[in-house]
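Structure record follows, encoded as structure tokens.
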Amino acid sequence: MNDNLHQLRCFGCGARIRGDQANPIFRCVLCDDLFEVEYPGWSQLRGTDRPNAGALKWLWRERRASSELLDHSGVWRFRELLPILDSFGSAVTLREGNTPLYHLPRTAKALGVDQVYAKHQGMNPTGSFKDTGMTSALSVAKERGFEWVACASTGNTSAAMAAYAARAGMKSLVIIPDGKIAWGKLSQSMDYGAVTCQLNTDFDGCVRVLTSIVQEAPIYLLNSVNPYRLEGQKTPALEIAEYFDWSVPEHILVPGGNLANSSALGKGFREMKALGLISRLPKISIIQAVGANPLVQSLRENGGQSIVPVKASTRATAIRIGNPASWRKAAHVIHETGGWCLDVTEAEISVAKAELGREGIGCEPASAVTLAGMKKLVAGGNIAASDTVVLLLTGHTLKDADYTIDFHRGTLLKPEEAAPLLPEIEALRRDAVKVEASPDAVLRVLKEIQSRWV
Ligand code: F0G
């Protein structure tokens, strides 16, 4: 069966090519911009390829009770909206997606906003949102007969790629910046059997090296310049809309690094609206770290017309990216949906992460930028009390346990960084206490701590 109904359209000049005509670096030969997947059959209003909104909503719900392997995937459950494979039977899946949407009552109360939720993409098989895009793009690589796949990564893409490649019996090459990725992530690519190269450069330098390699060797590039990654990564938008019974929340807040995730979610909502699955778009806002904020600067200085790369620096290593590939797509999402793009400090990220922890929802530092950003949007009057807000949490808390431990030990931030939020930080810190092995000693600690809490 040929399920394949797609073509690629250049996001810059609009040139269209067949999927198998893309070059190894997925850049348009005419203008060097990125491609996005499009489905020509959808534009014909009564065409046979155009999905029927009502029937799909029913079908996707039915699949939740199905025993078919493909239906267990929260990505391939929605396969009518990503017909990118010659046969869906070739999909490589680890049952990704179908992640929880948690209500955050304490955050909602503290910020005076009715409904606040966290869509936890860290609850995917390898602990990050990258799994949703990896199942789609690696399945394409497999179908096209590649033996090797590769990516440059701040750690999560590589963990996901290594796992899916292992699953498919393929070989994987991981290129990461030396010393600047969290141990949890590095350990994953080792365990899944990838060839892991730590380069003495940053993420942006790793991308440059890999871009040369894939033009010389038959290795399939799985960075998010690969448009098939975004097809899987758009499915959390479908899950969110389905959760709210096909109405959409007013706001979605997403961390911004290489800017593919925000682009993918925007595409997901845009396509759902075009197909009549939803009637309006949520405002999608992108939050970056102050030290890695090229999109914030671009929108401020030239309305998102061009990007000036920055030398990135943040302890949220997942988003330590100064020259994001998908900036044009992400700027379009902000303009199209009426969302905002702003940056948050290291102290604000650390506090937001600990506050989410207090709701019983752990996450990576890069994910916590969303809550830090939400506070600013509420303070600026851009989020109203009656709005529903969804924070996209992108990674699992155990990915970067060092960060969490450093925060609670009080060694994460320099005094001048912590100073503006010192009372909040001190109230949230819970360092482990070394105690003599006796009940009395432990009870004394309890008494002492309780007296400090009141
Ligand atoms: N959050 C986490 C946990 C990430 O790992 C990343 C990106 C982002 C947010 C930003 O998403 O790049 O689509 O804007 N991590 C990449 C990696 C780049 O290599 O794992 P983005």
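A quick note: this is a predicted structure, and the numbers were derived from the prediction, not measured.
- Between Glu336 and the choices Lys267, Arg280, Arg270, the salt bridge (charged side-chain N to carboxylate O under 4.0 Å, His left out) rule is met once, by Arg270.
- Remark: side-chain polar atoms of Asn323 are not paired, donor with acceptor, to backbone N or O of Pro309 under 3.5 angstrom.
- By the 4.5 Å heavy-atom criterion applied to side chains, Leu59 and Phe78 are not counted as neighbours.
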Trace of the side chain to side chain contact (heavy atoms under 4.5 Å, CB included) decision for Ser326 with Leu34: CA-CA 8 Å; Ser326 296; Leu34 302 181; 3.7 Å; yes
Could you go step by step and tell me if Thr154 and Thr317 meet the side chain to side chain contact (heavy atoms under 4.5 Å, CB included) rule? CA-CA 7 Å; Thr154 56; Thr317 50; 5.7 Å; no
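- Thr388 contributes no side-chain N or O that, together with a main-chain N or O of Glu250, makes up a donor-acceptor pair within less than 3.5 Å.
- Of the N and O atoms on the side chains of Ser189 and Ser158, not one donor lies less than 3.5 Å from an acceptor on the other residue.
- Proximity of a side-chain donor or acceptor of Thr397 to a complementary backbone N or O of Gly362 within less than 3.5 Å is not detected.
- Salt bridge absent: Glu36 and Lys329 never bring a charged side-chain N and a carboxylate O closer than 4.0 Å.
- Ring geometry for Phe11 versus His332: interplanar angle over 60°, hence perpendicular rather than tilted (30 to 60°).
- Closest approach of Val290 to Thr345, counting heavy atoms only: CG2-N, 3.8 Å.
- Leu138 CG to Arg229 CZ: the interatomic distance, rounded to the nearest 0.5 Å, is 10.5 Å.
- Within a 6.0 Å sphere centred on CG of Asp20, other residues, nucleotides and ligands contribute more than 12 heavy atoms.
- Tyr102 approaches Met123 most closely through the heavy-atom pair OH-CE, 3.4 Å.
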Start with the C-alpha distance between Leu30 and Cys10, add both sets of side-chain angles, then the distance that settles side chain to side chain contact (heavy atoms under 4.5 Å, CB included), and finish with yes or no. CA-CA 9 Å; Leu30 302 175; Cys10 172; over 6 Å; no
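- A distance-only check finds a donor-acceptor pair linking the side chain of Ser298 to the backbone of Ser306 [under 3.5 Å].
- Here the side chain of Asp114 pairs no donor or acceptor atom with the backbone of Asp387 at under 3.5 angstrom.
- In plain terms, the two heavy atoms of Thr93 and Thr135 that are nearest each other are CA-OG1, 3.9 Å.
- A donor-acceptor pair under 3.5 Å is absent between the side-chain atoms of Glu80 and the main chain of Pro51, judged by distance alone.
- Heavy atoms from other residues, nucleotides or ligands lying under 6.0 Å from CZ of Arg167 number 12 at most.
- For the residue pair Tyr164/Glu96, the side-chain donor-acceptor check at 3.5 Å is satisfied.
- When atom types are taken as modelled, the side chain of Ser367 and the backbone of Thr394 share a donor-acceptor pair closer than 3.5 angstrom.
- One side chain, Glu143 or Ser90, offers a donor N or O that lies under 3.5 Å from an acceptor on the other.
- Note on Arg79 versus Asp71: salt bridge recorded, some NZ/NE/NH1/NH2 to OD/OE distance being below 4.0 Å.
- The ring of Tyr228 has its center no closer than 6.0 angstrom to the ring center of Tyr220.
- Checked for salt-bridge contact, Glu348 and Lys376 meet the test: a charged N lies under 4.0 Å from a carboxylate O.
- Each of Lys185, Lys399, Lys353, Arg315 was evaluated against Glu364; a single residue qualifies, Lys185, per the salt bridge (charged side-chain N to carboxylate O under 4.0 Å, His left out) test.
- No donor-acceptor pair under 3.5 Å is formed between the side chain of Glu239 and the backbone N or O of Thr235.
- For the pair Glu68 and Arg77, the salt-bridge criterion is not met [side-chain N within less than 4.0 Å of a carboxylate O].
- Under the 3.5 Å distance criterion, the side-chain polar atoms of Asp32 are left unmatched by any main-chain donor or acceptor of Arg27.
- In this structure, Thr370 contributes its side chain and Leu391 its backbone to no donor-acceptor pair below 3.5 Å.
- Each of Thr99, Val75, Thr157, Thr126 was compared with Asp131 under the side chain to side chain contact (heavy atoms under 4.5 Å, CB included) criterion, and only Thr126 meets it.
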